[in-house]
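Just below is one structure, and these are the notes that go with it.
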Amino acid sequence: MALAHAVSRMGPRFLLVQENGLRSASLFLRTNAGLVEQRMHDATVAGLVVTARTLGVSHCAVHSCCESSTLRSELSHALAPGASVETLSAHAIVSGAIAFSDSVAEEDGLWHGPALSSRVNATQRISYTIHRPVRAVFDADELTLSKVVGDRPVLLAVDAHIDALHGEAIRNYARRRLNLRGIVHVSPAEGEKSWSQVESLCQAAVDAGIDRRGIVVAIGGGVTLDIAGLAAAVFRRGVGYVRVPTTLVGLIDVSLGVKQAVNACGRKSLVGAFHAPIACINDYQFLQTLPRSEIACGLAEAIKMALVRDAVLYDEIDREALQLMQPAVCASLSARDIWFRAETLMLEELSSNLYEANLARLVDFGHTFSPVIEASSDYRIAHGRAVALDMLLSTGIGVCRGICDPALFHGLARLLDRCQLPVHDAGLPRIETLHAALDDARRHRGGNLNLVIPVRAGRAVFVQAVSAEEIAWSLAAMRSAAEEWRMSAAHADVA
Ligand SMILES: NC(=O)c1ccc[n+]([C@@H]2O[C@H](COP(=O)([O-])OP(=O)(O)OC[C@H]3O[C@@H](n4cnc5c(N)ncnc54)[C@H](O)[C@@H]3O)[C@@H](O)[C@H]2O)c1
Ligand SMILES: [Zn+2]
């Protein structure tokens, strides 16, 4: 009798004694996934009987070449009433198994069942604190960082500019309060946000003897945080990671989520990982030395959140922009209230969607065209400036299709201009390139464009298709806004 036939009339479990002398018996289980074989080496008759009883085996087949009357009678006693023991020839076993399932085959004397699936269910609990200590993070008496890392081995990854400004304080603190194993300088140029810097950091971690308990502490702007965060994500398949952001973009944006990435294959932030930090330590005093152009980039991210979520905050930033651009004000307690509100909005959006299961994200406002704007300018246009251009371009598209009031577009353009952010740039990619960038955005967002367009301050919608004509219309509006102000600035100079 063919095995397939045997299987079809057997219960869900049956025993097949396949080889001579019981040296290798096989227990076949019929499951929803198909035929599963469990090999039992050096089986004994008693062992097989126990197995048959335990598993409620309803049918036994004994290979014809190992037929043993003892085995047959012992097994038939072990089976439930009505069950049977029979003898199968080697040929019947093989052909029957193949007939039973195309994917059952015998190779090198082993039975290979059908492609079997196994499910692994696990949940990872993500929990980290964004600390905002009152004292400077590297003040000798400030313990937040030392408490966060404890006695774990630490590799410091420091933004080269931050090292020049704060290197001594960082080293003094690290020697006194941390289990410091090494310090690496990260080049913070966007054009060097590359895999080679991640690899250098991994090499430094090896040289410093960082083990799996080790922690990478990144101190710097978004570029440094992205490079060090990715190194922490991949080194020994993941070690601890602590962020100490030092730019406004770093503080109100990069520090909050679980993403890190570097630029690759001519694409912005193409290669990356989700790797939650152990903690972030946000110290706004770093902002005192931040150039205005970098404050402007941070303001672009704050404007982004306010414009799609919070009209009151948007108005406040609109009123205070000129003040906020001054480093001393930017680092002050009064400004921190604004930064904190922008961070809270960002966190609300991120924390319920940390791994981006939902790819329609309001935080992507200003981040659809910006990757191609940055990459095609060879990273001359900084991230925050590209975000500003993208926000205005997207808003203009909204005006073009009549879902957004032109006053919002002009108000945003004026605000960006006050923040010394561009409303147009001669280095913007061509219309076809910007239009093609939408396909890349779709690939990144599960097939949907999800372009975020504000409809009024505090509220935005997702748009799924945009034409090249709409992009052209919006670019023209941006260009004429830029020209208008250049002319009025020239008039003001003459006056
Ligand atoms: N992973 C994320 O979730 C995420 C989110 C937003 C942005 N980003 C990335 O962040 C990067 C932009 O970050 P960024 O705007 O901080 O730029 P950045 O890291 O390039 O820093 C800007 C410049 O400021 C210098 N600097 C840093 N801190 C300073 C300080 N306190 N005083 C004086 N100079 C200082 C840096 O050395 C650098 O020259 C982009 O690559 C962007 O893709 C990542
Ligand atoms: Zn951004």
Side-chain angles (χ1 to χ4, degrees), residues 136-138 157-167 169-170 185-194 197 218-230 232-233 241 243-264 267-277 280 282-305 327 330-331 342-343 346-347 349-350 354 356 361 363-371 373-375 379-391 421 452:
V137 58
F138 294 113
V158 188
D159 179 314
H161 290 146
I162 286 297
D163 190 57
L165 291 164
H166 302 281
I170 292 172
H185 293 147
V186 177
S187 164
E190 181 69 44
E192 290 174 52
K193 195 175 95 166
S194 61
Q197 285 218 71
I219 308 158
V223 168
T224 301
L225 301 182
D226 262 350
I227 292 167
L230 187 54
Y241 175 44
R243 292 191 188 112
V244 181
T246 63
T247 59
L248 192 52
V249 171
L251 284 156
I252 68 173
D253 191 333
V254 193
S255 79
L256 309 175
V258 297
K259 292 203 293 186
Q260 10 276 328
V262 293
N263 307 327
R267 293 273 201 303
K268 167 83 182 162
S269 299
L270 181 75
V271 172
F274 293 102
H275 186 61
C280 302
N282 284 13
D283 175 358
Y284 299 82
Q285 296 181 44
F286 282 114
L287 298 177
Q288 288 167 8
T289 56
L290 199 63
R292 281 174 191 235
S293 56
E294 299 300 340
I295 295 177
C297 288
L299 268 167
E301 300 282 4
I303 291 168
K304 166 189 92 172
M305 282 322 303
C330 179
E343 287 167 39
M346 182 81 176
L347 270 174
E349 292 296 318
L350 291 182
L354 266 189
E356 301 183 5
R361 305 183 332 136
V363 295
D364 281 339
F365 178 45
H367 289 72
T368 299
F369 300 104
S370 64
I373 294 174
E374 282 181 73
Y379 301 107
R380 176 187 61 78
I381 301 181
H383 178 69
R385 298 173 74 78
V387 169
L389 288 163
D390 179 323
M391 288 194 291
L421 287 163
V452 185

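Bear in mind the structure is a predicted one, so any value in this text is a computation, not a measurement. Reckoned from all heavy atoms, side chains included, excluding hydrogens, waters and symmetry mates. Numbering of ligands and ligand atoms starts at 1, following listing order. Throughout, numbering of the chain's residues begins at 1 and tracks the sequence.
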Exercise. Taking only heavy atoms of Asp253, which atoms of ligand 1 are found under 4.0 Å from at least one of them?
Worked result: 5 (C), 6 (C)
For this session: State the atoms of ligand 1, each with its element, that fall below the 4.0 Å cut-off from a heavy-atom position in Lys259.
Result: 1 (N), 2 (C), 3 (O)
Problem set entry | Ligand-side contact atoms (ligand 1) for residue partner Ile162, heavy atom cut-off under 4.0 Å | 28 (N), 29 (C), 30 (C), 31 (N)
For this session: Determine whether the side chain, the backbone, both or neither of Val249 has a heavy atom under 4.0 Å from any heavy atom of ligand 1.
Result: side chain
Exercise. Which ligand 1 atoms are under 4.0 Å away from a heavy-atom of Gly221?
Worked result: 16 (O), 19 (O)
For this session: Carefully, step by step, assess Asn263 and Glu374 under the rule side chain to side chain donor-acceptor pair (under 3.5 Å).
Result: CA-CA 11 Å; Asn263 307 327; Glu374 282 181 73; over 6 Å; no
Problem set entry | Heavy-atom nearest neighbour in the protein, as seen from atom 41 (O) of ligand 1, with distance rounded to 0.1 Å | Glu190 OE1, 2.5 Å
Problem set entry | For ligand 1, the portion of Leu248 having any non-hydrogen atom under 4.0 Å away | neither
Problem set entry | Closest heavy-atom pair and its distance - Val387, Ser370 | N-CB, 4.0 Å
Problem set entry | Protein residue, atom and distance nearest to atom 42 (C) of ligand 1, heavy-atom basis | Lys268 NZ, 3.6 Å
Exercise. Would you say the ring centroid of His383 lies under 6.0 angstrom from that of His367?
Worked result: yes
Seminar exercise, completed: Closest non-hydrogen contact found for Gln285 with Ala136 is NE2-N, 3.6 Å
Exercise. Can any side-chain N or O of Lys304 pair as donor or acceptor with the backbone N or O of Val363 at less than 3.5 Å?
Worked result: yes
Exercise. Do any nitrogen or oxygen atoms of Glu301 come within less than 3.5 Å of a nitrogen or oxygen of ligand 1?
Worked result: no
Problem set entry | Backbone of Val258 reached by a side-chain donor or acceptor of Gln260 within 3.5 Å | yes
For this session: Report yes or no: does Asp226 contribute a side-chain atom to a donor-acceptor pair with the main-chain N or O of Val262 at less than 3.5 Å?
Result: no
Problem set entry | Protein contact to atom 32 (N) of ligand 1 [nearest heavy atom, distance to 0.1 Å] | Thr289 OG1, 2.8 Å
For this session: Could you tell me whether the Zn ion (ligand 2) has an N, O or S atom of Asp253 under 2.8 Å away?
Result: no
Exercise. In ligand 1, which numbered atoms sit nearer than 4.0 Å to a non-hydrogen atom of Asp159?
Worked result: 27 (C), 36 (C), 37 (O)
Exercise. What is the nearest protein non-hydrogen atom to atom 21 (O) of ligand 1, stated with its residue, atom name and distance?
Worked result: Thr247 CG2, 3.7 Å
For this session: Identify, by atom number and element, the atoms of ligand 1 in contact range of Lys193, meaning under 4.0 Å from any of its heavy atoms.
Result: 9 (C), 40 (C), 41 (O), 42 (C), 43 (O)
Exercise. So between Ala300, Gly222, Ser370, Pro188, whose heavy atom ends up nearest atom 20 (O) of ligand 1?
Worked result: Pro188
For this session: Please write down residue, atom name and distance for the protein heavy atom closest to atom 35 (C) of ligand 1.
Result: Leu290 CD1, 3.7 Å
Exercise. Judged by atom type as modelled, is there a donor-acceptor pair below 3.5 Å linking the side chain of Asp159 to the main-chain atoms of Gly221?
Worked result: yes
For this session: Run the numbers for me: atoms of ligand 1, each under 4.0 Å from some heavy atom of Leu165, listed by number.
Result: 32 (N), 33 (C)
Exercise. Heavy-atom count around Arg267 CZ within 6.0 Å, excluding the residue itself: above 12?
Worked result: no
Problem set entry | Donor-acceptor contact below 3.5 Å, side chain Tyr284 vs main chain Leu248 | no
For this session: State, to 0.1 Å, how close Arg243 and Pro277 come at their nearest heavy-atom pair, and which atoms those are.
Result: NH1-CG, 3.5 Å
Seminar exercise, completed: of all protein heavy atoms, closest to atom 39 (O) of ligand 1 is His161 ND1, 3.0 Å
Exercise. Looking at ligand 1, does Gln288 have a heavy atom less than 4.0 Å from it?
Worked result: no
Exercise. What are the two closest heavy atoms between Asn282 and Pro245, and how far apart are they?
Worked result: OD1-CG, 3.2 Å
For this session: Please determine if Val223 has a nitrogen or oxygen closer than 3.5 Å to a nitrogen or oxygen of ligand 1.
Result: yes
For this session: Report yes if some N/O of Thr224 lies less than 3.5 Å from some N/O of ligand 1; otherwise report no.
Result: no
Problem set entry | For atom 44 (C) of ligand 1, the protein heavy atom that lies nearest, with its residue and separation | Asp226 OD2, 3.4 Å
For this session: Spell out, as yes or no, whether a donor-acceptor pair under 3.5 Å connects the side chain of Gln197 to the backbone of Glu192.
Result: yes
Exercise. Going by the angle between their ring planes, with limits at 30° and 60°, are Phe138 and Phe286 parallel, tilted or perpendicular?
Worked result: perpendicular
Exercise. Mind checking whether Leu287 has an N or O less than 3.5 Å away from an N or O of ligand 1?
Worked result: no
Exercise. Taking side chain as C-beta onward, heavy atoms only, is Met346 less than 4.5 Å from Glu301?
Worked result: no
Exercise. If you check every N/O/S atom of Glu301, which is the one nearest the Zn ion (ligand 2)?
Worked result: OE2
For this session: May I ask you to identify the nearest protein heavy atom to atom 7 (C) of ligand 1, giving residue, atom name and distance to one decimal place in Å?
Result: Val254 CG2, 3.6 Å
